Structures are given as C-alpha cells and as structure tokens.
Q: 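Input: one structure, supplied below.
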There are 2 protein chains.
Amino acid sequence: MQTSPEEAIERRSGVALWRQIADRIRLGIAEGLADDAGRLPTEMALAGRFGVNRHTVRTAIQALVQEGVLRSEQGRGTFVEGPRRLSYPIRARTRFSAGLAGQARERRGHLLSHAYEPAPPQAAEALGLAPETGILRLETVSQADGRPVSRATSYFPAARFAGLEKHFADTGSITAALAALGVPDYVRATTRISARHADSADLAHLKLSPGAIVLITFAVNADSAGIPIQYSLTRFAADRVELQVDGEG
Amino acid sequence: MQTSPEEAIERRSGVALWRQIADRIRLGIAEGLADDAGRLPTEMALAGRFGVNRHTVRTAIQALVQEGVLRSEQGRGTFVEGPRRLSYPIRARTRFSAGLAGQARERRGHLLSHAYEPAPPQAAEALGLAPETGILRLETVSQADGRPVSRATSYFPAARFAGLEKHFADTGSITAALAALGVPDYVRATTRISARHADSADLAHLKLSPGAIVLITFAVNADSAGIPIQYSLTRFAADRVELQVDGEG
DNA sequence: TTAATTCATCTATTGTTATAGACAACCATA
DNA sequence: TATGGTTGTCTATAACAATAGATGAATTAA
C-alpha cells in the first residue's frame with residue numbers, strides 16, 4: 001500500500017516518464033485505481049500522485065487510449081475500457097483452453113507457421129533427443145475473445161508427431177491435435193518462467209504497444225509414460241495475463 | 001548512414017534505444033552472445049546488429065558496466081563480468097534457501113521492517129481471516145552470495161505468530177522461524193505470477209538499475225492441516241532469477 | 001443559467017536521447 | 001616497430017520528452 005506523495009517514477013532511466021506512468025496505470029486498474037463507475041482520477045490528480053506535469057500524464061493516457069485500455073471523455077473524465085487480466089493456471093494437467101474456462105467466452109490457437117527441421121540444441125536437450133534429430137516446430141498464437149494473449153514456439157519429435165500441424169490447424173488446440181495422434185493425456189513436466197520487454201515479433205503477433213512486457217515460459221510436457229513430447233517457449237502479454245501456480249491441489 | 005538492422009529495435013516507444021539494447025545484451029549473454037572468453041562483439045558490430053549509432057551502444061554498455069554485468073577494456077574489447085541467472089524452483093515444498101542449493105554459496109534473508117497492524121483486504125482474504133484482523137507484516141530482502149535477488153512483503157496471522165520477526169531476524173529464514181513457532185512443515189497452496197517494471201523501492205532494495213523488470217509472485221502457504229499461514233508478495237529481479245515450476249515430482 | 005470541473009489544444013522553453021564525425025589511447029600481433 | 005582493430009573522448013546537431021502557462025470546449029451540478 002503506497003501512500004508516499006510521489007509514487008515510484010524514475011527519471012533519466014531510459015524509460016520515458018509517460019511510459020512508466022502508462023504502465024502503472026495499466027497495472028493499477030486491476031487494483032482499484034478506478035472507481036466503481038470505471039472512472040480514473042483526474043489528470044491533475046494523477047499528475048500530483050506521480051509528481052509530474054499534467055501533460056506527461058496526458059501522454060500516458062493517450063497511449064493507453066490508443067491501446068484500447070482507456071477512453072477519455074471531455075468534461076467527464078477518463079474511463080477504463082478494456083477487459084481485466086486473465087489468470088492462466090500452470091499445473092501438471094492444465095491445458096490452455098481448459099484453464100481459461102469461465103474467464104473468456106471464446107479461445108483458440110492459430111497456426112502461424114510450421115517447419116520440419118533439425119532440433120536446435122536447447123530443444124534436443126529438453127526432449128531427450130540426439131542433437132540434430134528431426135523435429136516439428138510450430139509457431140502459434142493463442143487468443144481469448146479475439147485478443148491475443150500468448151504466442152508460442154513448440155517443438156515435437158518429428159518421427160512421432162508427423163502431421164500434427166494439420167490437426168492443430170483444424171482444431172486450434174494442441175491437446176486435441178495430440179489426442180488425434182494417439183496421445184490422449186500428457187502432463188507438464190517442468191516450466192521455467194522469466195520476463196523481458198516485448199521484441200518486435202511479440203509486438204506484431206500479440207498486438208502490443210512498444211515497451212510492453214512479456215512473461216516467458218519454457219515448458220516440457222511428457223506423455224503418461226513420462227516420455228517428453230513437447231518443448232515450448234511461450235510469450236504471454238504481461239498486461240493481459242498472469243500465471244497462476246497451484247499447489248498439489 | 002545506416003545498414004539494415006538484423007535485430008529490430010522499437011523507436012518512439014517511450015523506452016530509450018540504449019535501454020532496449022542494454023536489456024537485449026543482458027538477456028543475450030545467457031544465450032551465447034559472448035564468445036568462449038566472455039568477449040562481446042565490438043561496439044561497431046553491435047551498432048550494426050541493432051541498427052543504431054555506435055554511441056547509442058556505448059550508452060547501453062555503460063549502463064551494464066555500472067550494473068556490474070560487463071567490463072570494458074580499452075583496446076581489447078568488452079567482457080562479461082557478472083554471474084548467471086539463478087533458477088528459483090516453485091513447488092509445493094520448495095523453500096527459498098533449499099531451492100538454490102548448488103547455485104550460490106551463501107544465501108540469507110534480511111529483515112527490513114516489521115509491523116503488527118490490521119490486515120489489508122487482499123491479505124485477509126488470502127489468509128481466510130475476517131477483515132481488519134491483526135496480522136504481522138514482514139518486509140524482507142533475500143540475497144544469494146551477497147547479491148539481492150528478491151524482496152518480499154509477508155503477512156502472518158498475528159495471533160498465531162507473534163514474535164516471528166525475532167526468529168526470522170536471528171535465522172534469516174522463514175522456514176526456521178516458523179519451525180521455532182511450532183510449524184515444522186508447510187506447503188505452497190497457490191502462486192500467481194506477473195511482471196512489471198521495477199519501482200523505486202525495488203530499485204533501492206534489489207540494487208537494480210532504472211528500467212529493470214521484476215517478476216511478481218503472490219503466494220499463499222498453508223500448514224500441514226491446510227490452514228493458510230502466510231500470504232506473501234515477492235518481487236524477483238528478473239535479470240538475476242528465473243522461476244522454475246516443476247511437475248508433480 | 002451560472003459556476004465549477006474536466007479534458008483538449010496551443011505556444012514556448014529546457015533537458016534528455018540519438019546521430020554524426022573526428023581523433024586519441026590502448027592492445028595484440030605480424 | 002608498424003599496423004589494424006578496439007575502446008575512450010570530444011564537438012555538434014537534430015529529434016524527442018518534459019515542463020509551464022494560457023485558453024477553449026464539453027459536461028455536471030448548484
């Protein structure tokens with residue numbers, strides 16, 4: 001609970017004040033920055049809270065309006081426009097679409113591209129394959145209610161999963177595609193999570209604005225016999241998704 | 001005069017080019033940007049790769065030198081200086097110090113402050129307490145080999161854990177402090193993970209440079225009977241730590 | 001209708017960021 | 001020692017970011 005008059009804005013940091021403020025407003029919305037009617041504090045009030053000029057706050061607000069998060073109405077105020085952050089569970093048996101049940105009406109994966117190629121070192125190691133073994137690489141984007149929430153690069157052993165991309169393109173679901181190839185169940189073996197600024201590919205595919213943050217997960221999934229079947233690198237839009245790790249539950 | 005950049009950088013994004021490049025270099029080091037001797041490509045080469053002026057690359061490198069990640073030697077080149085990223089496991093029974101075994105020689109938590117006060121709404125809800133119930137709040141920083149890796153705000157029911165702060169101050173370990181108060185074992189019930197830019201408190205306590213990213217976890221721990229005993233908000237320095245989520249193992 | 005509140009727009013000034021070019025200092029090695 | 005490659009420093013210019021103040025336009029409430 002921050003109550004200091006000047007709230008955490010860094011100057012000469014290489015990150016423009018308006019962007020820092022935009023990020024804080026975006027995050028603050030989830031924590032009740034706006035009132036019950038979805039109205040934000042006035043520009044002057046925000047300027048005072050962050051210790052900056054009103055014009056700087058306006059630049060931040062304009063960026064969020066551009067992004068679809070806010071809407072300004074002359075004489076009335078500035079209002080929250082966009083949806084809240086989705087909570088994406090990470091558990092042994094959680095699937096993307098199952099995990100978001102109840103939070104979004106429609107969700108689906110889209111196939112951007114696929115390739116059969118030698119496994120890069122990281123993927124070979126994660127899947128327990130000899131270096132250069134043939135793998136199938138899928139580049140996908142997942143959306144919830146039409147909003148892109150994550151993009152993934154997935155590697156599968158080519159020998160076992162040839163044709164997987166067709167099933168994925170049809171169903172929009174990795175789970176369904178694997179089931180069609182005789183893997184009715186699989187578990188999440190390990191996941192590593194980090195974060196960085198979005199790169200230009202993230203910006204394009206996730207429709208982010210420059211400076212946004214992405215959560216990165218490296219995950220290995222295994223079949224019921226414990227054999228690794230999928231290695232994936234997923235980038236989540238950090239302002240649309242949070243990752244939820246549940247205990248043995 | 002500009003050659004075609006191989007790795008695109010976002011302009012007019014509110015994030016200065018030198019900071020974007022610093023972030024990319026920091027992350028790139030983990031992926032083999034430097035050669036076997038730890039030497040980075042030359043300033044001119046990096047400028048070409050990112051499509052910016054050499055001076056802009058220099059500003060980025062200077063920031064990383066300041067941060068302790070790089071070291072420049074006139075006439076020779078620029079070299080990697082800092083340690084690698086720690087992998088912090090999140091599992092039902094993982095403790096901070098146990099999880100980092102083998103990755104760092106010395107690790108310890110430090111108590112910044114503590115307070116007995118009414119529970120804020122989020123904490124009360126997470127711990128299953130009535131609003132305003134008395135809680136103990138600890139502000140702590142955890143270090144590995146003298147480098148701060150995370151800072152946490154933890155809430156405990158005051159009635160049950162009075163005096164916990166003394167045990168923590170003595171031992172530098174929440175696990176040991178809880179054990180001293182009759183909780184020999186506990187499990188991680190749920191964890192939510194998100195990310196944002198570091199705020200000024202993060203910068204100060206984690207010794208980060210402006211613009212750095214922090215991973216945020218909201219976690220609830222429960223005793224062996226399933227009763228919530230701790231609600232914590234932890235900020236990890238994203239360039240020093242990655243979170244690892246293991247399957248049922 | 002009036003007054004107060006709030007967002008929108010304009011001008012002007014200053015500080016920070018990025019580019020450009022030139023040259024010095026230093027290092028490795030042929 | 002001579003050469004080429006690398007980092008360090010300097011000057012200069014342009015674009016962007018932030019501040020400041022004044023005024024207009026739309027809305028709400030008295």
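As the structure is a prediction and not an experimental result, all values here were calculated from the model. Each chain gets a letter, A, B and so on, in the order the sequences are listed, and its residues count up from 1.
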Q: Please check the phosphate of D:dA20 (OP1 and OP2 only) for any side-chain N or O of A:Asn53 closer than 4.0 Å.
A: yes

Q: State, without any angle test, whether B:Ser72 and B:Arg58 hold a side-chain donor-acceptor pair at a distance under 3.5 Å.
A: no

Q: Whether B:Arg76 contacts C:dA28 is assessed here as follows: a side-chain N or O lying under 4.0 Å from the phosphate OP1 or OP2. Is that the case?
A: yes

Q: What integer distance in Å separates B:Glu43:CD from C:dC26:C1'?
A: 13 Å

Q: Does A:His55 get its side chain close enough to the base of D:dG21, under 3.5 Å, for a donor-acceptor pair?
A: yes

Q: Report yes if at least one side-chain N or O of A:Thr78 is closer than 4.0 Å to OP1 or OP2 of C:dT6; otherwise report no.
A: no

Q: Answer yes if the side chains of B:His110 and B:His205 hold a donor-acceptor pair under 3.5 Å, and no otherwise.
A: no

Q: Quick one: do the A:Glu139 and A:Ser113 side chains pair a donor with an acceptor below 3.5 Å?
A: no

Q: Starting at atom CH2 of B:Trp18, determine the distance to atom P of C:dT19, rounded to an integer number of angstrom.
A: 14 Å

Q: With a 4.0 Å limit, can you tell me whether B:Arg58 has a side-chain N or O closer than that to the phosphate oxygens OP1/OP2 of D:dT7?
A: no

Q: Do the side-chain N or O atoms of A:Thr42 get closer than 4.0 angstrom to the phosphate oxygens (OP1, OP2) of C:dT5?
A: no

Q: To the nearest Å, how far apart are B:Met44 CE and D:dG4 P?
A: 16 Å

Q: Between the side-chain atoms of B:Arg54 and the base atoms of D:dG8, is any donor-acceptor pair under 3.5 Å?
A: yes

Q: Report the distance from atom CD of B:Gln74 to atom P of D:dG8, rounded to the nearest whole Å.
A: 6 Å

Q: Taking OP1 and OP2 of D:dA17, is either one under 4.0 Å from a side-chain nitrogen or oxygen of A:Thr59?
A: no

Q: Evaluate the ring planes of A:Tyr231 and A:Phe218, with Trp represented by its six-membered ring, and classify them as parallel (under 30°), tilted (30 to 60°) or perpendicular (over 60°).
A: parallel

Q: In whole Å, what is the span from the CG atom of A:Leu46 to the P atom of D:dT19?
A: 14 Å

Q: When we call it a touch if two heavy atoms are under 4.0 Å apart, what does A:Arg71 touch: a base, just sugar-phosphate, or nothing?
A: nothing

